Structure formats: structure tokens, C-alpha cells
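In this text, all values refer to a predicted model and were calculated from it rather than measured experimentally. Protein chains get the first letters and strands the later ones, always in sequence-line order, with residue 1 at the start of each.
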2 protein chains.
Amino acid sequence: MSSREGCTTRRRGAALETAILEAAWKVLRDQGYAGFTFEAIAARAGTSRPVLYRRWSGRQELLVATLRQLWQSKPIEIPDTGSLRGDALAFLMQADERRARIITLMSVELHEYFRETGSSFRELRAAIREPGQATALEVIVERAVARGEIADVARPARVVNLPFELFRQEVIMTMGAVPPEAIHEIVDEIWLPLLLQG
Amino acid sequence: MSSREGCTTRRRGAALETAILEAAWKVLRDQGYAGFTFEAIAARAGTSRPVLYRRWSGRQELLVATLRQLWQSKPIEIPDTGSLRGDALAFLMQADERRARIITLMSVELHEYFRETGSSFRELRAAIREPGQATALEVIVERAVARGEIADVARPARVVNLPFELFRQEVIMTMGAVPPEAIHEIVDEIWLPLLLQG
DNA sequence: CACGTAAGAAACACTTGCGTATCTTATAAC
DNA sequence: GTTATAAGATACGCAAGTGTTTCTTACGTG
């Protein structure tokens with residue numbers, strides 16, 4: 001189970017810390033927050049609990065550090081395929097690949113935090129997002145308008161971001177990856193008809 | 001903490017079972033799934049763990065029983081206002097009032113349960129729902145078709161049930177009740193345009 | 001009213017994780 | 001090379017929950 005793989009040298013400082021965060025992520029991914037214990041993480045990283053306690057005071061603190069590193073290591077790019085449909089599909093596929101797991105996790109991990117602070121997913125997300133930044137789908141729609149693909153009319157934010165809402169819903173409902181058919185349904189049977197009708 | 005409140009009589013059979021399920025629900029509501037232990041539930045119900053073990057094999061089984069009772073104790077009636085829009089609005093308002101809490105719970109709090117059992121929200125819902133029953137929105141659409149309000153064409157289940165999906169998403173994101181404006185947006189800006197365009 | 005069923009109390013051994021203390025030994029810096 | 005530092009191993013008492021066993025006693029059935 002140890003991730004040191006016969007490595008005899010003793011790791012230190014930043015290298016050790018990175019290795020621990022990687023191990024922590026793997027434990028979180030495989031065992032969930034309930035299995036996210038210093039015991040399990042130390043074992044997986046091939047080190048011992050005191051080493052973890054010297055860096056983080058407890059599981060919450062380590063969790064934040066773990067998610068922060070993970071989030072920053074996997075950015076999502078806004079696709080530019082030349083068509084509204086292509087962009088939407090590519091975007092959702094990418095989100096599926098890169099964010100499905102994190103989305104499920106976040107709703108669990110942060111729940112304890114929500115309980116304590118009385119805040120919500122939405123508030124936290126708003127606090128984290130850079131203000132005034134357009135969502136990927138807003139950019140995608142804007143480009144389609146510029147190409148003349150769809151009419152240049154005002155659209156409610158809820159309509160523009162609909163695919164991602166439904167995608168997230170799907171992720172939460174199934175606890176995992178969203179099959180391509182579902183993504184196609186969302187785009188072809190709901191979103192495009194809605195955008196094109198105007 | 002015991003819910004027996006000076007009750008000296010010894011409860012039996014169905015009465016005892018109901019009392020335990022009520023206690024279980026309170027524990028789940030107050031302490032979350034992490035605190036949903038036989039120990040805590042037995043204490044809250046004013047009984048002992050063996051009594052619980054005689055009925056359910058473990059926390060997962062008790063959880064399903066608890067949610068099923070809760071779900072069925074607050075049935076949603078399918079509104080019949082005479083118009084598609086009125087029915088949809090009334091249905092979502094009712095869902096908001098009666099289901100917001102349990103939905104939050106099932107989707108956010110129970111990930112640990114899903115992990116333990118290897119199941120998902122969708123499966124848990126199936127275990128709780130009475131089988132073979134049409135969803136409220138399916139009935140509402142059917143009636144609208146019968147009235148001649150909308151065309152009699154085949155519609156994907158995803159389209160028919162869209163309002164509830166979006167409603168649920170809203171509940172999860174806000175961790176609570178959904179404001180009426182959001183419900184109106186879902187119905188007027190998304191669902192009705194989609195249904196009426198055909 | 002007698003009796004069988006099951007409620008409820010208490011204890012069992014066991015497991016997992018916590019947070020800390022102690023000690024060694026490798027290694028980076030000087 | 002010597003030395004300060006921190007890695008890594010081991011062990012501690014503590015707490016909470018598990019699943020089970022045993023025993024007593026209340027209560028509904030007949």
C-alpha cells in the first residue's frame with residue numbers, strides 16, 4: 001500500500017509534503033472523507049502520523065490543503081470548436097473528465113463546514129470565483145452569437161448555464177461519471193432547442 | 001435526550017418501531033449520517049441496541065427504513081389547477097415545502113452511505129419510491145395533453161421531469177428552500193417554452 | 001390468571017482512530 | 001567531518017462504536 005516503492009532515501013521538506021498531499025488525495029478518492037484519517041494517509045504515504053501532525057493540526061486542515069493543490073492542478077479550458085453544439089459537448093465532456101469526481105467530493109467534504117457556518121455551496125462558490133468573470137457557457141454562447149449562429153437577444157443566466165446545472169445534477173445523482181448519451185441528451189434535446197427557438 | 005419522557009409503559013411491536021424510526025430521523029437530522037449510529041439512535045429512542053439489531057442488520061438498512069417512512073409520511077398530491085403552468089407551479093411549491101429538507105439530506109449528507117453501499121442517490125430513491133408509479137410531472141403533462149393544451153407527441157423523460165431536476169439542483173446549491181422567483185423562472189423560461197415549441 | 005414473547009439493561013471482547021511522547025537515525029547545512 | 005534538524009518507528013492511554021450474549025421483567029394473548 002505504501003507509495004514509496006522501495007525508495008530507501010528519506011524524503012524531506014517540500015518533496016515530502018507533496019508526496020503526502022498526493023497520498024491524501026488518493027485516500028480521499030478511494031475511501032471518502034470517512035476514510036480520510038491521518039492513520040490511513042500516513043500509511044499510504046509511507047510515513048507516520050507524527051510527521052503529519054507536524055504540518056497540519058487535523059484532518060480538516062489537511063483536507064483544505066489537499067483540495068487546493070488538486071484544484072489548481074487541473075484547470076478547465078473553454079473549447080472553441082467553431083459550433084455552439086460542438087463547444088457545449090466538448091465543455092461538458094471535459095467537465096466530466098476533470099471535475100466529476102471533485103464535484104461529488106465537494107458536496108460531502110464541505111457539508112460539515114456548511115453545517116458549522118450556516119452557509120451554502122453557492123455562497124462558497126461565489127466567494128471563490130473571481131467576480132465578474134463569465135462562465136464557460138456564457139463565453140460559448142457569446143461566441144455563437146458573434147458567429148451569427150444564434151440570435152443576439154438577452155437570455156436569462158439560468159438558461160445559458162442550464163447544461164452545467166443538469167450535468168452537475170447528473171453527477172450528484174449517479175455519484176460518478178456522466179455517460180456521453182446523457183450529455184448529448186442535455187445538449188440536443190434541451191439546451192439547443194431552447195436557445196434556437198427564439 | 002431520551003424521547004420517552006417519563007413513559008413507564010414498555011412499548012412493543014409497531015409502536016416501538018415507529019418510535020425508533022422517529023428517533024432515527026431526528027438523529028439523522030441533527031447529527032448527520034456520521035452521527036447516525038445504533039448507539040445514538042437507541043439512546044434517543046430510549047431503548048437499547050439489541051432491540052435495534054433484532055429489526056435491522058445495520059445502519060444502512062435502518063437508514064432506508066427511516067427515509068422510506070419519512071418520504072411516505074409526507075405525500076405530495078398532484079395538483080389539478082386546470083392549466084399546465086398552474087399545475088407545474090403548484091407542484092414545485094409543494095415540493096419546496098415538503099421535500100426540500102429530505103432532498104438536501106439525501107444528496108449532500110448521504111454520500112458516505114452511498115460509498116459504503118456502493119449505491120447512488122438514484123438507487124436509494126428507487127428503494128424509497130413505490131415502484132412503477134408515474135412521476136407527478138408525467139401525470140401533469142399527460143393531463144395537459146388530454147386537455148389539448150400541448151401536442152400529443154413523445155417526449156423524453158428528461159424533458160418531462162426537467163423542472164424537478166432543476167428544482168433539486170437549486171435545493172442542493174442553496175442547502176434550503178427555493179424562492180418562488182426561481183420556481184417561476186424554471187417553469188416560465190425553460191420548461192414551458194420547451195414543451196410548447198414542438 | 002398463567003405463560004410465552006420480546007423489551008430493555010448490562011456487560012463482553014474487539015476494532016479503529018485519536019493525539020502525544022520518546023527514541024533512533026538519516027541527511028542537509030555548515 | 002560535525003552538528004542541528006526533522007524523518008520515521010513504536011507505544012501510550014483514551015474514546016466511540018461494533019455485534020453479541022445473558023439475564024430480568026413487563027405485557028399481550030389466550
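Toward the 5' end of DNA chain C, the nearer of the two residues A:G35 and A:P50, judged by each one's closest nucleotide, is A:G35.
Taking a cutoff of 4.0 Å between a charged side-chain nitrogen and a carboxylate oxygen, B:R122 and A:E170 qualify as a salt bridge.
C:dA9 atom P lies 17 Å from atom CZ of B:F38, rounded to whole Å. Atom CG in A:L52 sits about 14 Å away from atom C1' in D:dA9, given to the nearest Å. Atom CD in A:E39 sits roughly 7 Å away from atom P in C:dC18 (whole-Å rounding). Here the P atom of nucleotide D:dA7 and the CD1 atom of A:I20 are 8 Å apart, to the nearest Å. The distance between atom CZ of A:R11 and atom C1' of D:dT5, rounded to the nearest whole Å, is 17 Å. The distance between atom CZ of B:R12 and atom C1' of C:dG4, rounded to the nearest whole Å, is 9 Å. If you measure from atom CG of A:L62 to atom C1' of C:dG19, you get 15 Å, rounded to the nearest angstrom. In this structure, A:W56 places its CH2 atom 14 Å from P of C:dC18, rounding to the nearest Å.
For the residue pair A:E61/A:S57, the side-chain donor-acceptor check at 3.5 Å is satisfied.
A distance-only check finds no donor-acceptor pair linking the side chain of A:D96 to the backbone of A:L92 [under 3.5 Å].
For B:T47 and C:dG8, the shortest distance from a side-chain N or O to OP1 or OP2 is below 4.0 Å. For B:R10 and C:dA6, the shortest distance from a side-chain N or O to OP1 or OP2 is not below 4.0 Å.
Each of D:dG17, D:dG8, D:dT22 was ranked by its minimum atom distance to the side chain of B:R54; first place goes to D:dT22. In the set D:dA7, D:dT18, C:dA7, C:dA7 carries the atom at the smallest distance from any side-chain atom of B:L16. When distances are taken from the side chain of B:R49 to each of C:dA11, C:dA7, D:dT5, the shortest belongs to C:dA11.
Here A:R59 lies out of heavy-atom contact (under 4.0 Å) with every strand. In this structure, B:S48 reaches the bases: a heavy-atom distance under 4.0 Å links it to at least one base atom across the strands shown.
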**OP:** Show your reasoning for whether salt bridge (charged side-chain N to carboxylate O under 4.0 Å, His left out) applies to B:R49 and B:E39.
**Re:** CA-CA 6 Å; B:R49 282 180 296 131; B:E39 187 112 356; 3.6 Å; yes
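Environment of CZ in B:R101: sparse, with no more than 12 heavy atoms of neighbouring residues, nucleotides or ligands closer than 6.0 Å.
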